[in-house]
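Heads up, the thing below is written out as structure tokens.
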There are 2 protein chains.
Amino acid sequence: MERKSQQRPLRADAERTVRAILEAAERVLSSNPAATMEQIAEAAGVARTTVHRRFTSREALVDALTAWATRQFHEAVTSAHPDSAPPLIALYQATANVLRVKIGWGFAMSRTTPEDPEVARAHADVLAQCDRLFQRALEAGVLRPDTDLAWARRVYYALIHEAAQNRSDEADDVDELATLVVDTLLRGLGRQGSSLSP
Amino acid sequence: MERKSQQRPLRADAERTVRAILEAAERVLSSNPAATMEQIAEAAGVARTTVHRRFTSREALVDALTAWATRQFHEAVTSAHPDSAPPLIALYQATANVLRVKIGWGFAMSRTTPEDPEVARAHADVLAQCDRLFQRALEAGVLRPDTDLAWARRVYYALIHEAAQNRSDEADDVDELATLVVDTLLRGLGRQGSSLSP
DNA sequence: ATAACTTGCAACACCAATGTTGCAAGTTCT
DNA sequence: AGAACTTGCAACATTGGTGTTGCAAGTTAT
């Protein structure tokens, strides 16, 4: 959990505080994106002034949160080897990995790319990997030949988003969710022959 | 376009102003949910004080917007006869109708149910109609027998949401979008036999 | 032990957005 | 035409959130 643009190392207690603030921010902001610094501070168990000492501004806090989540997001996708593993395998792996991150970091990951160049690059990279994976899936015959890849990607993102909200009980297995997502993406929910275009 | 809790009728010019404000609010808020009254007023071509004369508070404005959109939403679903028409037909009709409303009223419809009892009832009613329709679809063999109906409804909502964002060019036919949604929902995007569970 | 660091607290300055009012000029309705 | 209504404008009060500072008390590292 390294913070950016922080020239000198923090003492252990400060390090803990930063962690607590980021985690509290995620919790509070995911339930209310317009929450105040006061609420975040309270949830983190620190004084509001302390939050301001660690993060120059509200924006800086949110950016740090985003950067942190983005790094994990990138790692989740990359470690599924979407460019080399068989498309279906990679799709499943990436889905499971991303779900693991997205559950618990929903707010941070829902942020649209901020101006931070590092974050923007990571997002773009993930997007590109996703597109290449879908391209390969198409060529491998996993996707129907007439599939609109832009639509496919958006449906995929949306399904992951929905699945991530699903964790009503914590025991809900990520692998189960990933299966549900991939299955829904590929087969849909209809019986064979029930669709509009036969 | 009746406003609630407005005992006396408005003069024609005032009526137009209210319309302009609501439409401007939708436009502005859909691109920036945190937009100020000033920005909304400017987009509506009126002074900020006028907005405050017509709507007691910011909340009142957003509520009016939500109520207005909710009424259209309800009408869109009900007019598809989801309780009597053949499931697949009703599904398609409802999808097309809702898309027509949702394109252009995206912000107002994305609001989570406010405390207004009328709005809450309308939302609940739509939800119930949707659930019954899916139940009938299941029994008619349109959906696979093992389908989780709660998941189905969420996927359906999500697909509609995504499709509504798609109107890059305005000429994008709503019927085409509805077909895409229903098709994706029922068949998914994969080739037959490409899924995880065979 | 002691120097360096971190925190809570209280107090403050600041700003942007909300909401109000009075009045003059313009519009609608009959 | 005249009454009733609506609007823009300027000015103002208020509020809530942001960001700052100084200091005393507590913690960490060496």
Side-chain angles (χ1 to χ4, degrees), chain A residues 1-66 107 111 114-115, chain B residues 1-66 107 111 114-115:
Chain A
M1 177 170 275
E2 327 75 30
R3 263 132 297 84
K4 268 197 43 178
S5 69
Q6 192 135 293
Q7 49 289 63
R8 303 194 66 89
L10 291 178
R11 226 172 63 179
D13 49 356
E15 197 79 38
R16 273 192 302 264
T17 303
V18 170
R19 257 196 112 90
I21 292 172
L22 285 175
E23 285 166 3
E26 165 59 34
R27 250 178 297 132
V28 172
L29 291 175
S30 69
S31 93
N32 171 22
T36 69
M37 295 272 118
E38 182 70 52
Q39 296 172 273
I40 295 172
E42 188 187 353
V46 299
R48 187 174 63 88
T49 43
T50 301
V51 179
H52 278 114
R53 273 201 205 91
R54 294 293 155 221
F55 300 94
T56 338
S57 67
R58 186 181 211 282
E59 200 191 354
L61 169 55
V62 174
D63 283 357
L65 201 57
T66 307
F107 170 80
R111 295 277 66 190
E115 53 288 340
Chain B
M1 174 172 275
E2 326 75 30
R3 260 132 296 86
K4 268 197 45 178
S5 68
Q6 191 136 294
Q7 49 288 64
R8 303 193 67 87
L10 290 179
R11 228 172 61 177
D13 50 354
E15 197 79 37
R16 273 192 301 264
T17 303
V18 170
R19 256 195 114 89
I21 293 172
L22 285 176
E23 285 166 4
E26 165 58 35
R27 250 179 297 132
V28 172
L29 291 174
S30 69
S31 94
N32 171 22
T36 69
M37 292 299 208
E38 183 69 53
Q39 296 172 273
I40 294 172
E42 189 187 352
V46 299
R48 187 174 63 88
T49 43
T50 301
V51 178
H52 277 114
R53 273 201 204 91
R54 295 293 153 218
F55 302 94
T56 342
S57 67
R58 187 182 210 282
E59 200 190 355
L61 170 55
V62 174
D63 283 356
L65 200 58
T66 306
F107 170 79
R111 295 276 64 189
E115 55 286 341

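In what follows, chains are A, B, ... by sequence order, proteins preceding strands, each numbered from 1. All values below were derived from every heavy atom in this structure, side-chain atoms included, with hydrogens, water molecules and symmetry-related copies excluded.
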Distance from B:Leu61 atom CG to B:Met37 atom CE, nearest 0.5 Å? 5.0 Å
Mind checking which nucleotides bracket the chain B contacts on DNA chain C, 5' to 3', with an atom under 4.0 Å from a heavy atom? C:dA17 to C:dC29
Distance-only donor-acceptor test (3.5 Å): side chain A:Arg53, base D:dG19: no
Among the candidates D:dT20, D:dA29, D:dC5, find the nucleotide nearest to the side-chain atoms of B:Arg11. D:dC5
Can you tell if the side chain of A:Val62 reaches within under 4.5 Å of the side chain of A:Phe55, non-hydrogen atoms only? no
Taking atom P of D:dT27 as reference, at what distance in whole Å does atom CG of A:Leu10 sit? 19 Å
note: B:Arg48, atom CZ; D:dA11, atom C1'; distance rounded to Å ~ 11 Å
For A:Ala14 and for B:Asp13, locate the closest nucleotide of DNA chain C by heavy-atom distance; then report the residue assigned to the nucleotide nearer the 5' terminus. A:Ala14
Which atoms form the tightest heavy-atom contact between A:Ala25 and A:Leu65, and what is the distance? CB-CD2, 4.1 Å
What is the distance from atom CD of A:Glu26 to atom CD1 of A:Ile21, rounded to the nearest 0.5 Å? 15.0 Å
What heavy-atom pair brings A:Gln39 and A:Ala35 nearest, and what distance separates the two atoms? OE1-CA, 3.4 Å
Using heavy atoms and a sub-4.0 Å distance, could you list which residues of residues 27-47 of chain A are near DNA chain C? By number, please. A:Gly45, A:Val46, A:Ala47
A:Glu59 atom CD is separated from D:dT18 atom P, nearest whole Å, by 13 Å
Could you measure the distance from the NE2 atom of B:His52 to the OG1 atom of B:Thr50? Nearest 0.5 Å is fine. 11.0 Å
What distance separates A:Leu29 CG from A:Arg58 CZ, expressed to the nearest 0.5 Å? 6.0 Å
Heavy-atom check, side chain of A:Val28 versus side chain of A:Phe107, under 4.5 Å: no
